Amino acid sequence: MENIDLLKIPTYTNEDWKKAFIKEVGVESYDAMLFEIDGMKFSPYYSSEDIKEYMGSLPKCYNQIRLGEVFDLRNGKLPLQEILSSLKHGYDAPIFLCDGTLSSDELREIHMDFIQPRFELYEAESEAMINALKEQYENVTWNIVRHYNSSNDSTSSQNFIFEFDTATSILEFLAALKSKLDQISALNPLDIIIRIKLSGQFVEDLVKSRAIKIFWLNYLSARSLEIRSFLCEITWDLTGDYPNETLFHTNNVIAATMAQADHIVLDLKEECENSARILRNSVHIALIESNLGKEQDPVAGSYFIEYVASALAEKAWQGEGK
């Protein structure tokens with residue numbers, strides 16, 4: 001087989017792509033390939049020179065994707081069997097929503113030293129339960145978020161959670177994110193959690209998720225803060241019937257891994273109760289059998305995704321003074 005000298009391959013331009021594409025499929029199909037995000041129009045065609053500028057790999061918080069489910073323990077509810085079933089299926093990073101109605105004794109069957117839970121407290125009375133758990137599990141690092149005004153003690157972490165739905169404007173979210181970050185006096189990147197809700201539109205989900213990461217890195221750089229990733233949580237609506245829900249679910253798992261998810265969160269509603277096993281297993285099939293989540297940044301070097309995400313992040317950053 002004859003060796004190919006890559007240096008002898010002729011360069012190409014945006015116009016070369018356009019001319020060749022129109023020749024094969026026509027002008028109407030070319031126009032259909034153009035799309036718009038938040039008022040910005042993009043073309044999926046690029047030149048040899050363009051591609052050299054977008055080869056960056058973005059940092060990630062955790063190497064391994066953590067799986068978890070949201071459990072609402074407020075108003076005295078404790079779905080213990082469902083929690084244990086979830087943990088048995090490997091979802092060892094649950095999120096517990098708590099008020100003051102539960103005691104630590106009621107959570108005794110959940111071995112906190114073998115999982116990585118996050119407690120989101122909605123009432124001051126829930127502090128008693130957390131303090132009792134701390135006495136029982138001395139070596140556990142506690143991940144606690146308070147949704148009420150409280151003077152935080154020094155032994156628990158205080159996270160700031162920001163939620164973004166990819167079906168909405170990324171530019172508006174980034175403007176609001178910057179404003180909120182500016183209000184945090186002692187910003188520690190490890191304390192920032194951004195939960196991204198996927199819409200099922202693969203490319204837009206991926207582009208907007210990456211734009212958030214790029215904007216975040218630009219923010220840290222501009223403020224002379226340590227460059228590191230926020231904790232990226234990915235979730236989506238769990239709807240549909242089998243087998244369609246499995247296909248939709250798996251597609252979102254792929255999008256989540258490409259968006260550098262650190263934590264995939266399933267928020268199983270009551271109407272999804274009978275599908276819980278199918279939903280959990282489809283995540284495992286995608287992650288384990290397809291080797292997803294093995295690369296830190298699988299999108300690095302994808303010119304089009306990197307270019308569009310960078311353009312969105314840059315436009316949001318330039319609106320800083322508006």
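As the structure is a prediction and not an experimental result, all values here were calculated from the model. The chain is numbered in sequence order, starting from 1.
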On the 0 to 90° scale, with breaks at 30° and 60°, tag the [X]-[Y] ring pair as parallel, tilted or perpendicular.
X    : Y    : result
F114 : H111 : perpendicular
Y219 : W317 : perpendicular
F173 : F164 : tilted
F71  : F96  : tilted

Side-chain contact, heavy-atom cut-off 4.5 Å: [X] with [Y]?
X    : Y    : value
Q116 : H263 : no
M258 : P298 : yes
V140 : P117 : no
V308 : V203 : no
I194 : L177 : yes

Determine yes or no for a side-chain-to-main-chain donor-acceptor pair under 3.5 angstrom, with [X] supplying the side chain and [Y] the backbone.
X    : Y    : result
T166 : S199 : yes
D72  : R74  : yes
K208 : L198 : no
S126 : E123 : yes

Open item on the list: One thing to verify: whether R280 and E69 come together as a salt bridge, which I'm taking to mean a side-chain N less than 4.0 angstrom from a carboxylate O.
Closed with: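 Here E69 pairs with R280 in a salt bridge, since their nearest N and O are under 4.0 Å apart.
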TODO: In plain terms, say whether D262 and K60 are close enough for a salt bridge, that is, a side-chain N and a carboxylate O under 4.0 Å apart.
DONE: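 Yes.
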Open item on the list: Looking at E36, I'd like to know if its CD atom is crowded, meaning that more than 12 non-hydrogen atoms belonging to other residues, nucleotides or ligands lie closer than 6.0 Å.
Closed with: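 Atom CD in E36 is packed in, count exceeds 12.
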Open item on the list: Can you list, by chain and residue number, the hydrophobic cluster partners of V265 when the side-chain cut-off is 4.5 Å?
Closed with: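 Grouped by the 4.5 Å side-chain rule, V70, I95, L97, Y122 form the rest of the cluster around V265.
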Task: Geometric cation-pi criterion, K213 with F230: 6.0 Å, 45° - done: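 Judged by the rule, K213 and F230 form a cation-pi pair.
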